[in-house]
Amino acid sequence: MTQLENVCLSQDRKQVIIIDQTQLPNRLEYLYLDKLEDCYQAIKKLQIRGAPAIGIFAGYSMYVLAQQYVGLPYEQFRAEFIRQKEYLNSSRPTAVNLNWALERVLKVVEDNREAGNEKIVELLGREAEKIHEEDKEMCLKICEYGLTLLHDGDGVLTHCNTGPLATSRGTAIGPLLLGAQRGMNFHVFADETRPLLQGARLTTFELMNGGVDVTLICDNMASLVMKNGWVDICLVGCDRIAANGDFANKIGTSGVAILAKHYGIPVYSLGPSSTIDLNCPDGDHIKIEMREPSEVAEMWYKERMAPEGCKCYNPSFDVTDHSLVSGFVTEKGIVYPPFEENFRKLFG
Ligand code: MRU
C-alpha cells in the first residue's frame, strides 16, 4: 500500500486494509478488517469515508467476509450474503455508491449459482478489484476534464475532502493535484468543513503532500474570501446526484454554492457516474444522514465546549439546488444543463 492508497486487500486476501482516516493527519494508522461488525463500524465512524471509497471498501468487505462461509449450501450462502450486505448498506444512507457497489457484488452471487461457491467467491474478489480499478480510471478522466476548467494561478475554493483518501485518485481536488504535477500553480482555500473537519484534517494534508498551495479557512470565512476576489472557481464533490441535478454533498456545500452565485463564481461538482442516481428524481428524495450531537459539541475539543444537554442539530449532508451548479465533471465529460436530459443521454 502506498502512503495515500486508502483501501486494499492483504496479501493473503483475507482482510481489507484501510487507512484510519479519523487519525489523520497526526497518525498514519492502518486497520486490518475481517469481521462484519468492524467493517460496518469503519464506515459508520468514518474510518473510511468519501462516497467512492465507501463503495470500493464495501465490495472488498463482502469478498473477505464471503470466504468465511463459503462452505454453506448455496441458498444459505446467498441468504448470509444478503444479510451482511443489507447490514453494511445500513451504515450510511446518503452516498449512493455504497448501495451501488453492494448491488454489483450481489449480482455476482445471483448470476453464478451453478458455478459453486468457491468459484463465486473468486469472482467476488475479481468484481471488487474491478470496482476499484474502474474508480481509478474514472478519477483519472475526471481529473483531466476538471483541469480544462482551470488556469494557471487560479484561486479555488473547495469543501470537505475529495482527494485520494475519499476516492481512488481524487475528484474535486484531483485536477489540482494533476495540474501541480504538470507544473501549474493554484491557490486553494480549503473550508475546514465542520463538524468532522475533513477539510482541515484531510484536504490540506493531501494538497500539501501534492505540492499545492493551500490555505485553511473556517467555513464562515468563505464569503469574505470570495468578496476579496480570491476565488475564481469552486470545486466540490458529491455523494448522490439526483436526476434533475440537485446533489447531496457534505453539509455546507449548498451555502458555498449560494455565496458563489452572489459573487458570480462558477461552481462545479466532480464525481464518477457511480454517484449519479437516475432513480432519484430530485434532492427532496435524498435521505440525509443525521449524526451524533457529540461530533458538534465535544469531538476535537479538550473539554466539552457546549453546555451538557445542549441540543445539537447535526446533519451530515445538504442538497445543493441544480440551479446553482455550473456543471458536473464526470468520467464521460462535463455535463451542463439541462442536467436530466444530458445525464440520460450519457448515462441512461
Ligand atoms: O461524510 P463524508 O466525509 O463521507 O462526506 C464526504 C463528502 O461529502 C465528499 O465531498 C463526497 O463524498 C465526495 S468524495 C468524492
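Each ligand, and each atom within it, is numbered from 1 in the order the structure gives.
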Inset, instruction - Verify the ring-centre separation between Phe328 and Phe343: is it less than 6.0 angstrom? - result: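 For Phe343 and Phe328, the ring centres are under 6.0 Å apart.
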Legend entry - Ring centroid separation Tyr60 to His132 under 6.0 Å: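 Close enough - the centres of the two rings lie under 6.0 Å apart.
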Please tabulate protein-ligand N/O pairs under 3.5 Å for ligand 1, atom names and distances to 0.1 Å.
from, atom 1, to, atom 2, distance (Å)
ligand 1, 1 (O), Arg92, NH1, 3.3
ligand 1, 1 (O), Arg92, NH2, 2.7
ligand 1, 1 (O), Lys250, NZ, 2.7
ligand 1, 3 (O), Arg49, NE, 2.4
ligand 1, 3 (O), Arg49, NH2, 3.3
ligand 1, 3 (O), Gln198, NE2, 2.8
ligand 1, 4 (O), Gly50, N, 3.0
ligand 1, 4 (O), Arg92, NH1, 2.8
ligand 1, 8 (O), Asp239, OD1, 2.8
ligand 1, 8 (O), Asn249, OD1, 3.1
ligand 1, 8 (O), Lys250, N, 3.1
ligand 1, 10 (O), Asn249, OD1, 2.8
ligand 1, 12 (O), Ala51, N, 2.9
ligand 1, 12 (O), Asp239, OD1, 3.2
ligand 1, 12 (O), Asp239, OD2, 2.8

Legend entry - salt bridge (Lys or Arg N to Asp or Glu O under 4.0 Å) evaluation trace for Lys345 with Glu340: CA-CA 9 Å; Lys345 266 189 217 151; Glu340 177 142 17; over 6 Å; no
Legend entry - For Asn161, the option from Gln21, Arg201, Gln198, Glu206 that meets side chain to side chain donor-acceptor pair (under 3.5 Å):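 Running side chain to side chain donor-acceptor pair (under 3.5 Å) over Gln21, Arg201, Gln198, Glu206 with Asn161 returns exactly one hit, Glu206.
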Legend entry - Parallel, tilted or perpendicular: rings of His322 and Phe339 (30°, 60°):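 Perpendicular.
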Legend entry - Mutual orientation of the aromatic rings belonging to Tyr40 and Tyr87 [parallel < 30°, tilted 30-60°, perpendicular > 60°]: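 Correct class here is parallel.
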